[in-house]
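Just below is one structure, and these are the notes that go with it.
These numbers were taken from a predicted model, which means no experiment stands behind them. Scope of the values below: all heavy atoms of this structure, side chains included, with no hydrogens, waters or symmetry mates.
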Amino acid sequence: METRSGKRKLNQSDKKTPGPVPKASPKRKSAKKSPVIPPSDVAEKQSEAEVLIPDSDGKQEIQEPPAPEPLSYGRLVVLGYSNCFVNPNFERVPGQKKWVLNSDPNDKYELTRQLQPTGIRRIKERTIRAEDELHSHRSRSAVSSHSICVSSRNEPHSQLRTTRTTLIEYGPDANTDLFQVGRMPTTMNQFVVPGYWNAQEGMMSRYAFRIQCERAAPFRCHIFAAGFDENRSIFLGPHALKWESPKSDAMTTSGIRIKHPSMPFWAEVSAVHGELFSAEESYPRQRGKPIPQHDNMIVDGTLIHTGGILMMWQSPESMNQTATWAVDEYAEELIDQHIQCPVNLHTIDFRRRSDVEPIRKPYVFPACGHVHSYEAQLDRGEQSQCTLCRAEGAYVPLGISCEPAISKEKPSHVFNPCGHAVSESAARRWSELRVPYIAEWEHRDSAICPFCASALDGDVPYSKLVFQAVPLNPGQRTSLQLRRSSRNSRSSTPSTPGTPSGLKTPEASGDT
């Protein structure tokens with residue numbers, strides 16, 4: 001309806017009424033430990049189309065699909081310790097260990113899909129002036145976000161009189177996520193691994209290596225040497241190995257070595273293209289032979305070695321697999337067997353509790369596997385002698401740890417000389433693995449314990465655990481079992497009003 005002024009007057013039916021105010025979605029409570037979601041399940045959920053939901057007026061509104069659930073690409077497990085430094089009293093005080101442990105064993109670093117893609121891809125490659133190598137990030141084009149500078153001046157046996165410097169530029173990639181590992185605490189390193197420190201020098205590189213993961217199925221992960229600094233640039237030091245032919249590439253000073261489960265040898269990975277070469281131990285460094293039959297895609301069980309630190313890659317499927325035993329249950333089983341010390345002739349307490357008497361804690365001679373309790377007279381360092389078989393070697397605490405990434409079965413053997421217990425299959429597997437070196441070029445080409453990274457004995461890397469169990473008469477129980485049963489009975493017996501807790505009433509005890 002129009003008025004005299006020509007303006008249209010709205011009827012009561014033409015007035016727009018405000019629609020219902022959408023309710024805020026309740027906050028999701030964070031679980032204590034979210035299970036690792038296999039990539040296949042997440043891919044199926046992502047394929048669902050948008051849902052049309054009618055509103056109160058009968059119209060259809062497009063509701064955005066829920067945010068994708070967190071997806072795990074896998075995780076890195078440190079075999080040993082991720083942070084150690086040299087003991088200043090190592091050379092002055094006899095009996096002191098060289099390395100002081102500053103972290104927990106077997107640290108884990110999980111790679112999960114980011115909310116926004118963080119990956120990059122190569123977009124161009126061009127030549128720049130040699131004097132611009134140190135500040136190569138200033139020579140990047142506007143469309144580039146990262147860069148790597150490769151110079152031919154340090155190429156071995158190079159016949160070039162003039163220096164050629166190649167700038168490789170990278171741009172954002174919406175299909176991948178990028179993760180970096182290094183010793184420097186910075187925003188560029190998602191995972192900080194300090195490694196081994198000697199005075200003020202660290203063996204691990206500041207930006208050691210990077211892993212690029214595909215955000216969609218099949219969720220492949222590839223590893224590259226070196227990482228980007230705060231300028232989003234990779235500057236390779238003067239001792240790094242570089243070459244220009246057949247294509248520009250380089251390796252880091254300390255080197256990134258990987259070993260797939262299907263590879264019988266270690267290979268070194270390059271920084272630009274991620275190509276594999278045979279690991280060459282020479283100075284000055286030489287480029288090894290190409291290995292075209294293998295690539296830099298890491299799979300479950302791939303080992304990564306850099307700066308004296310050994311890591312293992314675990315796939316999401318392997319992360320969901322649990323061990324077939326538990327430490328506390330295994331300790332109770334050993335107590336039920338009435339295992340005694342051959343010297344002190346008392347029951348050994350295998351429980352991991354602070355109130356256990358020191359003389360009842362389990363110790364072992366790893367050279368032979370005989371289990372004792374602690375006795376100060378038996379501890380003579382590396383020259384200790386077993387009281388049962390006279391085998392010479394270390395006398396150390398029996399280390400019982402449950403780490404599914406290392407061993408999923410119940411322990412039956414012990415590594416020599418560190419004393420960590422594992423299953424027979426795990427002991428055989430890890431004793432056959434040869435590591436380039438550990439810590440500061442120590443224990444080169446030797447087998448190590450996956451729990452503490454100690455070098456295993458070359459002649460007897462592991463032994464079978466030997467317990468001395470004393471048979472009991474029918475109905476007889478050990479002192480530990482008696483204490484445990486009495487404690488359980490006190491906690492399970494209800495007390496009547498006015499009766500102190502733990503004291504039985506006449507009716508409960510049978511007295512009248």
Side-chain angles (χ1 to χ4, degrees), residues 77-81 84 97-99 101 105-106 196 257-266 279 281 301-305 308-312 323 325 327 330 362-372 378-467:
V77 181
V78 178
L79 301 179
Y81 295 87
C84 306
K97 294 184 178 180
K98 181 177 180 179
W99 296 101
L101 308 178
N106 305 128
Y196 291 88
R257 295 172 177 86
I258 66 173
K259 185 179 183 299
H260 298 310
S262 59
M263 292 172 53
F265 48 81
W266 287 90
E281 298 293 342
T302 296
L303 299 175
I304 304 171
H305 179 270
I309 295 290
L310 184 63
M311 305 181 188
M312 184 179 65
W325 65 287
V327 176
Y330 182 66
Y363 273 65
V364 65
F365 289 90
C368 59
H370 286 110
V371 179
H372 294 60
L378 298 178
D379 191 2
R380 300 178 182 177
E382 299 296 332
Q383 304 299 326
S384 303
Q385 192 176 52
C386 178
T387 60
L388 298 179
C389 64
R390 301 302 177 185
E392 291 187 358
Y395 174 63
V396 293
L398 178 61
I400 303 177
S401 301
C402 182
E403 179 52 62
I406 298 174
S407 176
K408 297 181 177 64
E409 302 172 354
K410 189 178 300 185
S412 60
H413 290 65
V414 61
F415 284 122
N416 182 26
C418 61
H420 285 101
V422 291
S423 63
E424 182 179 6
S425 59
R428 187 183 303 108
R429 171 194 175 191
W430 294 107
S431 62
E432 294 175 354
L433 174 67
R434 293 294 181 267
V435 180
Y437 64 92
I438 290 297
E440 195 177 18
W441 295 96
E442 299 175 2
H443 315 306
R444 302 184 66 174
D445 195 26
S446 63
I448 65 169
C449 170
F451 291 101
C452 61
S454 300
L456 303 182
D457 187 83
D459 299 327
V460 186
Y462 62 92
S463 303
K464 182 178 176 59
L465 285 172
V466 181
F467 302 101

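Atom CZ in R429 sits 10.0 Å away from atom OG in S423 (nearest 0.5 Å).
Using a distance-only test at 3.5 Å, with no hydrogens or angles considered, a donor-acceptor pair links the side chain of H305 to the main chain of Y437. No donor-acceptor distance shorter than 3.5 angstrom exists from the side chain of N416 to the backbone of A394, with no hydrogens or angles considered. S454 contributes no side-chain N or O that, together with a main-chain N or O of C449, makes up a donor-acceptor pair within less than 3.5 Å. Remark: side-chain polar atoms of S463 are paired, donor with acceptor, to backbone N or O of A367 under 3.5 angstrom. A donor-acceptor contact shorter than 3.5 Å is absent between the side chain of T302 and the backbone of H260. Of the possible donor and acceptor atoms, one in the side chain of W325 sits under 3.5 Å from a partner among the backbone N and O of E409. Remark: the backbone N or O of P411 is paired with a side-chain donor or acceptor of Y330 at under 3.5 angstrom.
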Under the criterion side chain to side chain contact (heavy atoms under 4.5 Å, CB included), I'd like the reasoning laid out for L303 against L433: C-alpha separation, chi angles, the key distance, then a yes or no. CA-CA 10 Å; L303 299 175; L433 174 67; 3.4 Å; yes

Please evaluate residues F451 and C418 with respect to the criterion side chain to side chain contact (heavy atoms under 4.5 Å, CB included), reporting the C-alpha separation (whole Å), side-chain torsions for both, the decisive distance (0.1 Å), and the verdict. CA-CA 9 Å; F451 291 101; C418 61; over 6 Å; no

Mind running side chain to side chain contact (heavy atoms under 4.5 Å, CB included) on W430 and L456 for me, showing each step along the way? CA-CA 10 Å; W430 294 107; L456 303 182; 5.6 Å; no

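Note: Y363 and Y395 have tilted aromatic rings, judged against thresholds of 30 and 60 degrees for the angle between ring planes.
Environment of CZ in R380: sparse, with no more than 12 heavy atoms of neighbouring residues, nucleotides or ligands closer than 6.0 Å.
We find that R428 and E432 are not joined by a salt bridge, their nearest charged nitrogen and carboxylate oxygen being 4.0 Å or further apart.
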